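This report refers to the structure that appears directly beneath it.
Remember, predicted model here, so these are calculated numbers, not experimental data. Computed over heavy atoms, backbone and side chain alike; hydrogens, waters and symmetry mates excluded.
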Amino acid sequence: PLFRSIVPPIVEELKTEARRRGLWNLFLPDVSGLSQLEYASLAEIMGRSPVLAPQATNCSAPDTGNMEVLHMYGSRGQKEQWLEPLLDGKIRSAFCMTEPDVASSDATNISCSMVLRNGMYEINGKKWWSSGAGDPNCKLAIVMGKTGSDDAPKYGRHSMILVPMDAPGVKKIRPLEVFGYNDAPHGHFEVHFENVRVPASNMILGEGRGFEIAQGRLGPGRIHHCMRLIGMAERALEMTCERAIDRVAFGKPLAMQGTVQAEIAESRIQIDQARLLTLKAAHLIDQYGTKEARREIAMIKIVAPLMAQTVIDRAIQVHGGQGVCQDTLLPALFAHARTLRIADGPDAVHLASVAKMELKKYVPSRL
């Protein structure tokens, strides 16, 4: 479909109303006063309308993660120039990490180069799945690239830097589609950086700190993603139940069919299991910090997207032909849930992480 880089007027109307009600920047504890646990339940509600609700409350990815990075690691100048307008909803941002030419699930493969010359970093590389780059208000990208040599420590070779989207050499190549959805105007773009030059002061925290920043960024962000997925699954289950009661087949409502009843029960069980595990992870972040909660964060990143995908798939099945066409939001929800089994780290990577943390209890010297 044609990519339309136009923000519907209703979005600004909703943002104005959300601010009036105090429903603004709820994701950031130091601004909202909410803990991760408290915000988690609000993120679930937003997940019922996964496009409009987060944007209306200035709680959309990747802006939330980028604002967290600037809030936690940005310099005073970086905060004044970029964080303040992001918090105010005046601009939006993109996050450029994944690359088309390497297996980015192992982020140490990232090869986009950042070379310091005469007080300026020169950036060259290709990125894709740069979410948010299509928005007409996207003014900033946080870019992860390689600053250290191959002789440097494995996790000390990469850095994050602030790049204005209007900097010479930043080229938006094409919007990428997710199962046919281009998610306009937000979009997911392939972006090339060709001899892009930015001041050394744009470096976040310092050279070689990219993985440190990434871990701080991704922990709370995964809580937000997972709770929104739970909201999506709840809406899909509601649609399943309403459809099952309304439709009659073979002489009785679908809701009276044993197979449909079993799937509704399985969906309820799996949603509640995923919610409790996510709330546990949020509680651990609040009490002990992201590092101490890394096992539970990895666990929910495995559980929640697969759960949502499964629950939405059941809803599609109960809706029949209507479930796979444009008459309901189910296909878009399914595409979103399936994508999140890859975004922010694929299932296999998180499974390996959980296994290693579990095995360390028994053979700590060998893992």
Side-chain angles (χ1 to χ4, degrees), residues 1-11 14-15 42-57 59-64 92 94-95 98 128-136 138 174-190 221-222 224-244 246 263 267 270-271 274 301 303-344 346-347:
L2 180 66
F3 189 91
R4 299 182 182 276
S5 188
I6 301 171
V7 178
I10 185 65
V11 172
L14 290 170
K15 287 167 70 174
L42 301 178
E44 177 181 339
I45 295 170
M46 293 179 205
R48 298 176 61 85
S49 179
V51 176
L52 278 179
Q55 191 171 348
T57 54
C59 293
S60 292
D63 293 332
T64 49
R92 298 205 64 187
F95 185 64
T98 306
W128 71 344
W129 297 109
S130 300
S131 296
D135 194 293
C138 180
R174 58 178 177 141
L176 302 169
E177 296 179 0
V178 181
F179 295 117
Y181 293 94
N182 61 26
D183 292 340
H186 177 73
H188 316 280
F189 270 69
E190 180 174 347
R222 285 171 181 153
H224 308 165
H225 274 313
C226 290
M227 289 305 293
R228 283 192 293 264
L229 283 163
I230 290 164
M232 291 164 52
E234 282 284 8
R235 186 167 181 183
L237 179 56
E238 287 178 12
M239 293 174 68
T240 300
C241 293
E242 291 168 357
R243 177 79 170 190
D246 182 62
E263 292 197 340
S267 293
Q270 290 166 2
I271 291 171
K301 183 55 179 62
V303 168
L306 181 57
M307 175 280 297
Q309 177 190 319
T310 303
V311 170
I312 296 163
D313 184 66
R314 291 176 182 140
I316 289 171
Q317 195 70 17
V318 168
H319 280 75
Q322 189 181 45
V324 295
C325 76
Q326 69 271 31
D327 286 1
T328 76
L329 81 165
L330 291 172
L333 293 181
F334 182 88
H336 186 76
R338 181 63 186 85
T339 302
L340 280 172
R341 293 184 60 198
I342 299 171
D344 281 356
D347 290 359

### Query
Which atom pair, heavy atoms only, marks the closest approach of Trp129 to Leu176?
N-CD1, 3.5 Å
### Task
Over all heavy atoms of both residues, which pair between Ala315 and His319 is shortest? Give the atoms and the distance, please.
O-ND1, 2.8 Å
#### Entry: Spacing of Asp344 atom CG and Thr339 atom OG1 [to the nearest 0.5 Å]
12.0 Å
### Closest non-hydrogen atom pair between Gly134 and Phe189, with its separation
CA-CE1, 3.4 Å
### Summary
For Leu14 and Ala56 the tightest heavy-atom approach is CB-CB, 3.7 Å
### Task
Indicate the atoms forming the closest heavy-atom contact of Ala43 with His224, along with that distance.
CB-O, 4.2 Å
### Message
Using every non-hydrogen atom in the two residues, find where Gln55 and Lys15 come nearest and quote the distance to one decimal.
### Response
O-CG, 3.7 Å
### Message
Applying side-chain contact (heavy atoms from CB on, under 4.5 Å) to Ser60 and Arg92, what does each step give before you reach the verdict?
### Response
CA-CA 9 Å; Ser60 292; Arg92 298 205 64 187; 3.2 Å; yes
#### Entry: Distance (rounded to the nearest 0.5 Å) between His225 NE2 and Leu340 CG
5.5 Å
### Task
Given side-chain contact (heavy atoms from CB on, under 4.5 Å), test Ile230 with Met307 step by step and report yes or no.
CA-CA 8 Å; Ile230 290 164; Met307 175 280 297; 3.9 Å; yes
#### Entry: side-chain contact (heavy atoms from CB on, under 4.5 Å) assessment of Phe3 paired with Arg174
CA-CA 9 Å; Phe3 189 91; Arg174 58 178 177 141; over 6 Å; no
### Query
Judged by atom type as modelled, is there a donor-acceptor pair below 3.5 Å linking the side chain of Arg235 to the main-chain atoms of Arg48?
yes
### Message
Just verifying a value: how many Å separate Thr57 OG1 and Leu42 CG, rounded to the nearest 0.5 Å?
### Response
9.0 Å
### Message
Can you tell me how far apart CZ (Arg338) and OG1 (Thr310) are? Round to the nearest 0.5 Å.
### Response
10.5 Å
### Task
Pick out which of Leu329, Thr328, Asp327 makes a side-chain contact (heavy atoms from CB on, under 4.5 Å) with Pro331.
Thr328
### Full working for side-chain contact (heavy atoms from CB on, under 4.5 Å) between His336 and Arg228
CA-CA 11 Å; His336 186 76; Arg228 283 192 293 264; 5.8 Å; no
### Query
Rounded to the nearest 0.5 Å, what separation is found between the CD1 atom of Ile316 and the CZ atom of Arg243?
12.5 Å
### Message
Within this structure, what is the CG-CD distance for the pair Asp313 and Glu263, rounded to the nearest 0.5 Å?
### Response
8.5 Å
